[in-house]
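We count ligands from 1, going down the list as the structure has it; atoms in each ligand are counted the same way. FYI, side chains are in, hydrogens and waters are out, and symmetry mates aren't considered; it's all heavy atoms of this structure.
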Amino acid sequence: MDVILAEHAGFCFGVQRAVDTVYEQIESRGKDEPPIYTFGAIIHNEEVVGDLQKHGVRVLDSLADAAQIPREERGTVIIRSHGVEKSVCESLKELGFEVVDATCPFVKRIHDIVERESAAGKSIVIVGDEGHPEVEATRGWSHTKTCIIGSLEEAEKFAPQAGEELCVVSQTTFNYKKFQDVVEIFEERGYNGSVVNTVCNATEVRQAEARELAARVDVMIVIGGNHSSNTRKLYEICRQECEMTYYIQTLDDLHLRLPESVRLVGITAGASTPNNIIEEVQNYVRINF
Ligand code: F3S
């Protein structure tokens, strides 16, 4: 039996880079140096966060949290891939932390655009979900008024002032089609300004690849956390193409009894599934079937 692992299974580039940054910091840290922190959980995966904890990495949930750390314990704070507001970076430095920025470069690009365009006087429109940490962080790089548009209804209601110049960007994980629809409404109304498509296609690529793989294989295994909405979506996509699709969290959930006719097994994984879990499942299937 052959096993095919989807090329884009698991962490996207930005999340992988952030997790790698934390492990690099752990390795380069001397015994007597102050601890390493991440500003928010580096990723929504208990295994990864638990492992980092074992290595002494602590999670700071807010600036108030950071301010409570005794001075001598204020070590390095790693910013996760979502990024943070400019003021958060500055406050952490003022508190005496060393800041290591693991903001995904695609997110950082948005911060740079927002900072530059707002400095030139434009108002910033972020097409994305209000309250999402990435959107809130992006907002914090603007010198001018910002507005968040999460739906077509909100786009319809939006009314800039006469002569107001806009710069429109998107949350990286926002649905591209929806972003285009919002932009279309703005264009129809003749709003003044520039539009930068900052949607990252990592999610789309992962889904398209899963669909294509599921259509080719006899059995499909989707790995990811129970509460991971992007893994559930992957499962649904694969299930449409391949009846024998299994959703597992770790190898422990895999109780496969496969018919003899099965020749090809496909594996993919959600965005917060670490590589070691994917590899474990892949090796198990290769060896046991
Ligand atoms: Fe991931 Fe960066 Fe795209 S964090 S989803 S590669 S914007």
(message) Taking the basic N atoms (NZ, or NE/NH1/NH2) and the acidic carboxylate oxygens, is any pair closer than 4.0 Å for R139 and E130?
(response) yes

(request) State plainly whether the residues R58 and E73 are in salt-bridge range, i.e. N to O under 4.0 Å. (result) yes

(request) Verify, without hydrogens or angle tests, whether N175 (side chain) and K178 (backbone) share a donor-acceptor contact under 3.5 angstrom. (result) yes

(message) Regarding R29 and T76, do their side chains bring together a donor and an acceptor under 3.5 Å, going by distance alone?
(response) yes

(request) Using a cut-off of 2.8 Å, count how many protein N, O or S atoms are strictly closer to atom 2 (Fe) of ligand 1. (result) 1

(request) Kindly say whether I69 contributes a backbone atom to a donor-acceptor pair with the side chain of R74 at under 3.5 angstrom? (result) yes

(request) Report yes if the side chains of D2 and R263 come closer than 4.5 Å at any heavy-atom pair, otherwise no. (result) no

